[in-house]
Amino acid sequence: MSLPPLSGVAAVVESTADVVPLLDAAAARAGDQAAVAAGDTWSGLMERAGGHLARGVTRLAGRGYGLRVVILVGKGDNGGDGWVAARRLAERGAQARVVSTHPADEPLSDASASARDRWLAAGGRVSWELADLAPALARADVAVDALLGTGASGAPRGAVGDATAALRRARDAGVPVVACDVPSGVGADDGAAPDGAVVADLTVTFGGLKRGLLLHPGAAHAGRVVIGDLGPGYVPPTGTWTALSARGAAPPRLGAAADKRERGVVLVVAGALGTAGAAALSSAGALAAGAGLVTVAVPAPVRTEVAVHHPSAMVHGLPVDADGRLAPEAVEALPDLGGFDAVVAGPGLGHGPGAAAVVAHLRRGARRLVLDADGLNVHRDDPAALAEHAGALVLTPHERELARIGGGADGGDAWAHRVERVPDLARRYDATLVAKGPGTIVAAPDGAVWVTPNGGPALGSGGTGDVLAGMIGAAIAAAAPDAVPEAVARAVWWHAAAGVRAGEGRAARATAVDLLDAVPGVLGELA
Ligand SMILES: NC(=O)C1=CN([C@@H]2O[C@H](COP(=O)(O)OP(=O)(O)OC[C@H]3O[C@@H](n4cnc5c(N)ncnc54)[C@H](OP(=O)(O)O)[C@@H]3O)[C@@H](O)[C@H]2O)[C@@H](O)CC1
Ligand SMILES: [K+]
């Protein structure tokens, strides 16, 4: 049995809407309640959900008749969907067997109890003993994970933990797994995947895409994702978390008469002795993403080194101290900031007093400013200073930098809690925050958050962050005043797509230069 080569992100990337809303567990529940208030019933919703789940199984398998399916059910309504799916599969001729993690007399919700009773009344096969699970899975063509859904908290425990472990072993042995709503154990809100969380080949989710199916590592557990409609009454509240589809990520059209000023004028302040490449990559990123005019300001000793990389950028030398690091007088030597739509500062800049003075000057004077790498690191002793800025500010921390600018105790901790901390920092610093990593998130000061649906390991090589900073600079230089955060989300999308493109055919072993080369093709395809 083979799967189409689509990842979970396809549900977003291929959407016909510009923006795909992402639901958390509370929004999903509120949608259920709205449907019931509009005259639907819990059982009606569950019938629809279970029907979608059964269809997901037969689509994955390519048949229903004779298919040996084992459905693992928990005591919540996720299990209720599983009982419904068992009946629907049997109606299509499948040999369905339910394995329950709870005893036969466990109290269930009315809807789940009714779904269970209908299965039992129809003579459906069920095991109330987990001892039956391994032999049943050994004979199964497909396994269905209806153990935990949006009501899960933490790692699967007790009998449910034993069941998820058996499911993981069965999948390793070649049995495809279809998850109901979310793979059990994966956090619907934060994409956490604690030990024992189910890994699925297909996730059939209901009413809208759950946030945790796009956030990593949850996204990697979900496999392919399909969304089942719960009916016209199911209207979850509009939230602040979304993802851009390929349509929504399309670069803004240029007018026939667009000149270089209209396309955006960008200043890149970057590079040092030994890290001149970072300045070259950032300025090239800005040019590739469509900036009309790019000036690079670098320490004078590396001026020529940077200039040879990109003849279309203007290169400006800044004074250095006796150690070759930026001197505090570099502030006076910077070009007039009034001439730039956006400034990108930080890649390879170093973090001495000169660099700190330059970055502080930019915070006070730039109309739009992207702070990356050392542009962030110079604030490690006083991150609160990031709140002091005159224009629109964009911060692009990776995991460790996120911790340094106030995201939490250490890199791992800050990243693990990014779902709360990144929007919080965006508000606190009145800045658009780009938390870089698998499934990069972009948070705006007004609470809007975008999860980047695409990406992959090719983005994890040296210099790709420098390219991104430049691309963001170009995107915000050309953005309308109220559209800076969305322009950032778009640039992150382009960069991720270029990384995927650059990694194709070379096992994702792409360099930052390969990524740069892929940017124009990605933009061309999206336009
Ligand atoms: N409402 C509707 O009409 C619709 C709902 N729909 C479906 O309902 C699902 C949500 O259902 P739900 O809210 O009942 O939560 P669900 O995840 O099934 O179970 C929670 C139970 O698990 C337990 N538990 C929690 N964590 C655990 C752990 N780590 N390890 C072990 N056990 C753990 C927890 O028990 P506790 O630990 O609290 O005693 C609790 O009893 C949703 O995902 C969708 O599939 C669709 O049909 C559409 C219509
Ligand atoms: K599940």
Side-chain angles (χ1 to χ4, degrees), residues 23-38 40-54 56-57 71-85 88 100-103 106-116 130 143-165 167-168 171 177-189 192-213 218 221-223 225 227-231 233-236:
L23 307 184
D24 60 12
R29 272 192 294 275
D32 293 339
Q33 279 149 14
V36 171
D40 221 324
T41 61
W42 294 118
S43 279
L45 290 165
M46 194 171 272
E47 282 295 319
R48 252 162 269 153
H52 289 303
L53 183 58
V57 170
I71 300 126
L72 286 81
V73 297
K75 64 180 176 169
D77 284 343
N78 198 255
D81 298 343
W83 292 104
V84 171
R88 296 295 185 85
S100 171
T101 51
H102 52 268
E106 177 83 31
L108 305 182
S109 74
D110 288 350
S112 291
S114 137
R116 174 198 60 195
L130 274 193
V144 175
D145 157 33
L147 291 162
L148 299 172
T150 51
S153 61
R157 298 180 296 269
V160 172
D162 295 340
T164 62
L167 207 46
R168 289 174 63 107
R171 185 169 183 274
V177 172
V178 178
C180 173
D181 210 12
V182 288
S184 293
V186 166
D189 293 355
D195 282 351
V198 165
V199 180
D201 297 283
L202 171 69
T203 296
V204 182
T205 196
F206 314 118
L209 198 61
K210 307 294 171 321
R211 222 153 78 177
L213 299 177
H221 282 244
V225 177
I227 304 172
D229 185 42
L230 286 179
Y234 183 90
V235 185

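No hydrogens, no waters, no symmetry mates; every other heavy atom, side chains included, goes into these values. Ligands are counted one by one from 1 in listed order, and the atoms in each one are counted from 1 as well.
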Strictly under 3.4 Å, is any N, O or S atom of V182 next to the K ion (ligand 2)? yes

What residues, two or more places apart in sequence or in another chain, satisfy side-chain hydrogen bond (donor to acceptor under 3.5 Å, both in side chains) together with D77? S109, S112

Protein heavy-atom partner closest to atom 43 (O) of ligand 1 - residue, atom, separation in Å: D181 OD2, 2.6 Å

With a 4.0 Å cut-off on heavy atoms, does S153 reach ligand 1? yes

N or O contact, G149 vs ligand 1, cut-off under 3.5 Å: yes

Below 4.5 Å, heavy atoms only, C-beta onward: do D40 and Y234 meet side chain to side chain? no

Hey, is the K ion (ligand 2) within less than 3.4 Å of some N/O/S atom on P183? no

Vertex the K ion (ligand 2), rays to O in C180 and OG in S184 - rounded to 10°: 170°

Value rounded to 0.5 Å, distance of CG in D81 from CD1 in I71: 12.0 Å

Can you sort out which atoms of ligand 1 are near A152, meaning under 4.0 Å from one of its heavy atoms? 17 (O), 25 (C), 26 (N)

Does any N or O atom in G151 lie less than 3.5 angstrom from one in ligand 1, N or O only? yes

Contact check, side chains of V57 and V204, non-hydrogen atoms, under 4.5 Å: no

Heavy atom of the protein closest to atom 19 (O) of ligand 1 (residue, atom name, distance): G76 CA, 3.5 Å

Lys/Arg-Asp/Glu bridge criterion (N-O < 4.0 Å) met for R171, D145: no

What are the two closest heavy atoms between L147 and S184, and how far apart are they? CB-OG, 3.3 Å

Protein heavy-atom partner closest to atom 6 (N) of ligand 1 - residue, atom, separation in Å: D81 OD2, 3.8 Å

Taking the side chain as every heavy atom from C-beta outward, state whether V182 and L213 have any pair of such atoms under 4.5 Å apart. yes

Would you name the heavy atoms of L108 and A113 that are closest together and state the gap between them? CB-N, 3.9 Å

Do me a favour and list the nearest non-hydrogen protein atom to atom 30 (N) of ligand 1 with residue, atom name and distance? R157 N, 2.9 Å

Between ligand 1 and A155, is the shortest N or O to N or O distance under 3.5 Å? yes

Give me the nearest non-hydrogen protein atom to atom 1 (N) of ligand 1 as residue plus atom name, then the distance to 0.1 Å. D32 OD2, 3.1 Å

Relative to ligand 1, is L148 under 4.0 angstrom through side chain, backbone, both or neither, heavy atoms considered? both

Any idea which part of D77 is under 4.0 Å from ligand 1, heavy-atom wise: side chain, backbone, both or neither? both

With atoms numbered from 1 as shown, which atoms in ligand 1 lie under 4.0 angstrom from a non-hydrogen atom of P156? 29 (N), 30 (N)

For V84 against A115, the heavy-atom pair lying closest together: CG2-CB, 3.6 Å

Could you tell me whether the side chain of W42 reaches within less than 4.5 Å of the side chain of E47, counting heavy atoms only? no

Just jot down the ligand 1 atoms closer than 4.0 angstrom to any heavy atom of W42, in number order. 1 (N), 2 (C), 3 (O)

How would you list, by chain and number, every residue that makes a side-chain hydrogen bond (donor to acceptor under 3.5 Å, both in side chains) with H221, sequence neighbours excluded? none

For G154, the ligand 1 atoms whose distance to one of its heavy atoms is below 4.0 Å: 29 (N)

Are any of the protein's heavy atoms under 4.0 angstrom from atom 35 (O) of ligand 1, yes or no? yes

With K210 as partner, the option from D181, D189, T203 fulfilling side chain to side chain donor-acceptor pair (under 3.5 Å) is D181

Taking 4.0 angstrom as the limit and counting only heavy atoms of A49, give me the atoms of ligand 1 inside it, by number and element. 46 (C), 47 (O)

Part of T150 within contact of ligand 1 (heavy atoms, under 4.0 Å): both

Check D145 and report its N/O/S atom nearest to the K ion (ligand 2), by atom name. O

Over all heavy atoms of both residues, which pair between R48 and L230 is shortest? Give the atoms and the distance, please. NH1-O, 2.5 Å

What one should report as the nearest heavy-atom pair of A34 and V235 is CB-O, 3.9 Å

Got the closest protein heavy atom to atom 18 (O) of ligand 1, with its distance? N78 N, 2.9 Å

Quick check: does K75 get an N/O under 3.5 Å from an N/O on ligand 1? yes

